[in-house]
Amino acid sequence: MQKFFNYMNILIIGYGKMGKMIETIALERGHQIAGIVDINDSLHDIDAKNIDVAIDFTTPDSVLNNIDICLNKNIPLVVGTTGWYDNLEAIKNKVEAENKSFLYSPNFAIGVYLFREINKILAKTMDNYSNYTPEITEIHHIHKLDAPSGTAIILANELLKEYSWKKEWKLNEIEDSNQLKITSIREGEEFGTHIITYESQEDIIEIKHKAKSRRGLALGAVLAAEFLKGKKGFFTMQDMIK
């Protein structure tokens with residue numbers, strides 16, 4: 001892999017399987033690891049002056065505190081942790097009001113971005129055919145704490161914008177025909193699968209994205225860190241790709 005010669009000092013927050021993969025890819029691309037904050041470490045103790053950007057893959061319980069500390073320390077932050085999006089608007093307002101540097105995505109894999117674009121096109125097409133009922137299924141490893149996945153929520157919200165026959169999504173069980181069902185499955189060490197189906201009495205139309213490893217997620221997160229360096233504002237993966 002070609003190295004990114006304008007290297008950065010990257011702080012890794014969360015040193016599980018994703019954190020270790022991020023470390024590997026960052027080093028492959030010529031960056032340096034400025035520090036690692038794991039479950040027994042304190043982010044408060046980190047000296048921000050030698051950090052160009054931090055990447056957070058932790059838990060829904062800890063991520064908001066991590067965001068707050070990094071913003072207060074003026075550390076540009078990339079967040080791949082999910083399960084905190086009820087606070088998204090408040091974080092966005094803080095970033096913009098205080099001129100901080102922040103980028104988040106529920107899924108940094110380039111393939112997932114392409115899958116989202118296909119989802120929107122399909123939903124817009126299927127809006128003309130109310131006899132088809134859409135559903136979303138997401139499958140992840142047993143260690144994932146939030147459900148539905150952040151990617152499934154994004155896919156559902158983007159589908160709902162284009163498909164007028166459904167008004168809101170509902171996890172696992174729907175109560176009326178205006179709701180879009182999301183089924184969350186936790187099994188084994190599944191890296192992440194998202195399936196969108198449209199079913200009629202006659203047939204089923206299906207699109208699917210299946211991650212083969214964590215590498216695509218980790219690479220996208222490092223690319224996001226490279227994009228964020230030197231920028232101020234609130235960004236998503238769409239900003240990075242465009």
Side-chain angles (χ1 to χ4, degrees), residues 14 16-19 21-22 55-61 63-64 67 78-89 91-92 102-124 134-163 166 168-172 179-198 206-225 227 234-242:
K17 293 177 181 178
M18 273 300 301
M21 182 63 72
I22 287 168
I55 301 176
D56 182 294
F57 275 86
T58 55
T59 67
D61 292 334
V63 65
L64 288 175
I67 292 171
V78 172
V79 175
T81 308
T82 58
W84 58 275
Y85 297 145
D86 288 345
N87 300 91
L88 185 60
E89 196 63 28
I91 297 299
K92 181 178 180 181
F102 185 90
L103 189 153
Y104 90 99
S105 177
N107 194 313
F108 283 103
I110 302 299
V112 168
Y113 172 81
L114 299 174
F115 186 68
R116 288 172 57 185
E117 295 301 300
I118 295 169
N119 172 47
K120 288 185 281 189
I121 293 170
L122 179 58
K124 187 174 183 178
E135 290 189 10
I136 296 176
T137 300
E138 59 96 351
I139 309 168
H140 283 85
H141 54 80
I142 59 174
H143 313 290
K144 186 170 178 60
L145 300 178
D146 57 313
S149 68
T151 302
I153 292 173
I154 292 292
L155 289 167
N157 289 337
E158 291 176 340
L159 187 155
L160 291 171
K161 287 181 181 179
E162 303 293 346
Y163 189 81
K166 298 290 184 180
E168 63 179 356
W169 61 264
K170 187 81 171 179
L171 179 62
N172 292 331
Q179 293 176 330
L180 170 67
K181 181 180 177 181
I182 302 178
T183 299
S184 290
I185 299 171
R186 299 289 174 264
E187 61 183 25
E189 295 298 328
E190 174 72 35
F191 294 116
T193 297
H194 293 86
I195 305 166
I196 302 173
T197 60
Y198 288 82
E206 176 181 290
I207 59 173
K208 172 180 171 181
H209 179 275
K210 181 178 178 65
K212 295 167 65 176
S213 72
R214 294 179 176 83
R215 187 174 178 87
L217 299 173
L219 174 60
V222 175
L223 292 173
F227 167 83
F234 183 93
F235 302 99
T236 68
M237 193 169 180
Q238 283 89 335
D239 299 304
M240 180 186 82
I241 290 177
K242 291 177 181 178

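- Classification of the F234-Y104 ring pair by plane angle, with boundaries at 30° and 60°, yields tilted.
- When each of K181, R186, K210 is checked for a salt bridge (charged side-chain N to carboxylate O under 4.0 Å, His left out) with E138, only R186 meets the rule.
- Between H140 and S149, the shortest heavy-atom contact is CE1-CB, 3.5 Å.
- Distance CD1/I196 to CG/L159: 6.0 Å, rounded to 0.5 Å.
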Give the intermediate values and the outcome of salt bridge (Lys or Arg N to Asp or Glu O under 4.0 Å) for residues K92 and E89. CA-CA 5 Å; K92 181 178 180 181; E89 196 63 28; 5.1 Å; no
How far apart are the C-alpha atoms of D56 and T58, what are their side-chain angles, what is the distance that settles it, and do they pass the side-chain hydrogen bond (donor to acceptor under 3.5 Å, both in side chains) test? CA-CA 6 Å; D56 182 294; T58 55; 2.8 Å; yes
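- Residue K208 comes nearest to I195 through the heavy atom pair CG-CG1, 3.8 Å, listed as atom of the first residue, atom of the second, then distance.
- We find that E158 and K161 are not joined by a salt bridge, their nearest charged nitrogen and carboxylate oxygen being 4.0 Å or further apart.
- When all heavy atoms are compared, the tightest approach of N119 to L155 is ND2-O, 3.1 Å.
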Full working for side-chain contact (heavy atoms from CB on, under 4.5 Å) between Q238 and Y113: CA-CA 8 Å; Q238 283 89 335; Y113 172 81; 3.7 Å; yes
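- Rounding to the nearest 0.5 angstrom, the gap separating the OG1 atom in T151 from the CZ atom in F115 is 10.0 Å.
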side-chain contact (heavy atoms from CB on, under 4.5 Å) between L180 and Y163: does it pass, once the steps are laid out? CA-CA 10 Å; L180 170 67; Y163 189 81; over 6 Å; no
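- Here Y198 contributes atom OH and I207 contributes atom CD1; the two are 7.0 Å apart, rounded to the nearest 0.5 Å.
- The two atoms that bring A221 and F108 nearest to each other are N-CB, 3.6 Å, heavy atoms only.
- Annotation: the span from M237 atom CE to L103 atom CG amounts to 9.0 Å, rounded to 0.5 Å.
- A pairwise comparison of heavy atoms in A156 and I182 identifies CB-CD1, 3.7 Å as the closest pair.
- Using a 4.0 Å cut-off between a side-chain N of Lys or Arg and a carboxylate O of Asp or Glu, E189 and K17 qualify as a salt bridge.
- Separation of atoms NE2 (H194) and CG (N107) is listed at 7.0 Å; rounding is to 0.5 Å.
- Atom NZ of K212 and atom CZ of F191 lie 11.0 Å apart (nearest 0.5 Å).
- A donor-acceptor pair is defined here as one N or O able to donate and one able to accept, closer than 3.5 Å; no such pair exists between the side chain of T82 and the backbone of P106.
- With hydrogens and angles disregarded, a donor-acceptor distance shorter than 3.5 Å links the side chain of N172 to the backbone of S184.
- Heavy-atom minimum distance, F235 versus D239: CA-OD2, 3.3 Å.
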